[in-house]
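Quick notes on the structure that follows.
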2 protein chains.
Amino acid sequence: MDFVNHLSTNNIKPSLQRIKIFEYLYDNREHPTVDTIYSDLVSDIPTLSKTTVYNTLKLFIDNGITSTVTIEDNEVRYDAIMEEHAHFKCDACGNVYDIEIDMSDLKFKKMNAFKVEKTNIYLKGKCNKCLITKN
Amino acid sequence: MDFVNHLSTNNIKPSLQRIKIFEYLYDNREHPTVDTIYSDLVSDIPTLSKTTVYNTLKLFIDNGITSTVTIEDNEVRYDAIMEEHAHFKCDACGNVYDIEIDMSDLKFKKMNAFKVEKTNIYLKGKCNKCLITKN
DNA sequence: TATAAAATTGTAATGATTACAAAATTATGT
DNA sequence: ACATAATTTTGTAATCATTACAATTTTATA
């Protein structure tokens, strides 16, 4: 994945901060929060500001290369994978995993009243790691 | 719907505030926010406090008669309908509608790694009202 | 009716996000 | 290359939703 090129082709000038933040998001698939992104990157970019993380993520979202994952009402997570997929959140360890899904199987009723542009799915439960360890 | 009985059978003492808040949630199916609930009820219960609305909704959720609807990362909505259903949010007018859905049709891959307890689905797009009016 | 328990309320504290202006960096025209 | 303009980054302060907490009010109990 050529991050510089990916940013450029999406009308985002590839500054150091933007490259590093996108790279982090793309490589760390656990859907990190702003705080996690900031904490993990500040050692690499000592001048990094949390405001920059917020600004940059908003820029990514506006240009369609990142999306938010809102499962809990008190934490916003970010995801750089834009292909159709769903999420699973383990309510024991709190981790959020990607899930492959075929949304074409979904059958909605009375959908003539709406023009659907995006379908979001997330599951909750226990991941195997937590089932084995804690139970 | 006998609200007093519904609260009682779910281990919630049916105080005036609790009855009114649940009644409001159950009758107003547009998934209101705390602010909306408070604003609409304070004329009816002049002493009502926003803290009470927060406390009461938390109590409802803990006792399984209400759930949160988290579609946007900056607004928490509440829903008293606990039967399986999905949501549609119109990003023109902002309204959230209920949708009937058969989740048994969903096919996930690699799901052996998880024990799923709850499936959440929401769609985004434009409702017919907005498509006709604004376009 | 007195006392204890529970519910409600108002205010203050918290924490995430945003606004904003200054500083730093990068691009542009000559 | 240099001066100037534009953009990006940064830090601080403001905002807003939510929570903590203690006081008050209401309800239950003996």
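Chain A is the first sequence line, chain B the second, and so forth, proteins listed ahead of strands; every chain is numbered from 1.
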Worksheet item: When clusters are formed from ILVMFWY side-chain contacts under 4.5 Å, directly or step by step, what else is grouped with A/M82?
Response: none
Item to complete: Determine yes or no for a side-chain-to-main-chain donor-acceptor pair under 3.5 angstrom, with B/R18 supplying the side chain and B/K13 the backbone.
Response: yes
Discussion item. Tell me the interatomic distance from A/I12, atom CD1, to D/dT7, atom P, rounded to whole angstroms.
Written reply: 15 Å
Worksheet entry | Any B/V69 side-chain heavy atom under 4.5 Å of B/K89 side chain | no
Response to the item:
Atom CG of A/D62 and atom P of C/dT18 are separated, to the nearest Å, by 11 Å
Worksheet item: Among pairs that include at least one residue of residues 33-45 of chain A, which meet side chain to side chain donor-acceptor pair (under 3.5 Å), considering only residues two or more places apart or in two chains?
Response: A/K20-A/D44, A/Y24-A/D40, A/T33-A/T36, A/D35-A/K50
Practice prompt. Could you check if a side-chain atom of B/I37 sits within less than 4.5 angstrom of a side-chain atom of B/L57, using non-hydrogen atoms only?
Written response: yes
Worksheet item: For residues 56-93 of chain A, which residue pairs qualify under ring-ring contact (aromatic ring centres under 6.0 Å, His included), counting only residues two or more places apart or in two chains?
Response: A/F22-A/F60, A/H31-A/H87, A/H85-A/H87, A/F88-B/F114
So which protein nitrogen or oxygen atoms get under 3.5 Å of nucleotides 25-30 of chain D's nitrogens or oxygens?
none

Worksheet, complete the sentence: A correct 5'-to-3' footprint of nucleotides 10-24 of chain D, with B, S and - meaning base, sugar-phosphate only and no protein heavy atom under 4.0 Å, is BBB----SBBB----
Fill in: Whole-Å gap separating C1' (C/dA7) and CD1 (B/I19)
13 Å
Worksheet, complete the sentence: By side-chain hydrogen bond (donor to acceptor under 3.5 Å, both in side chains), A/S104 pairs with (sequence neighbours left out) A/D102
Worksheet entry | Rounded interatomic separation in angstrom, taking CG from A/L59 and P from D/dT7 | 13 Å
Worksheet item: B/L7 CG to C/dA6 P: how many Å, rounded?
Response: 18 Å
Discussion item. Could you check whether atom NZ of B/K124 has more than 12 heavy atoms from other residues, nucleotides or ligands sitting under 6.0 Å from it?
Written reply: yes
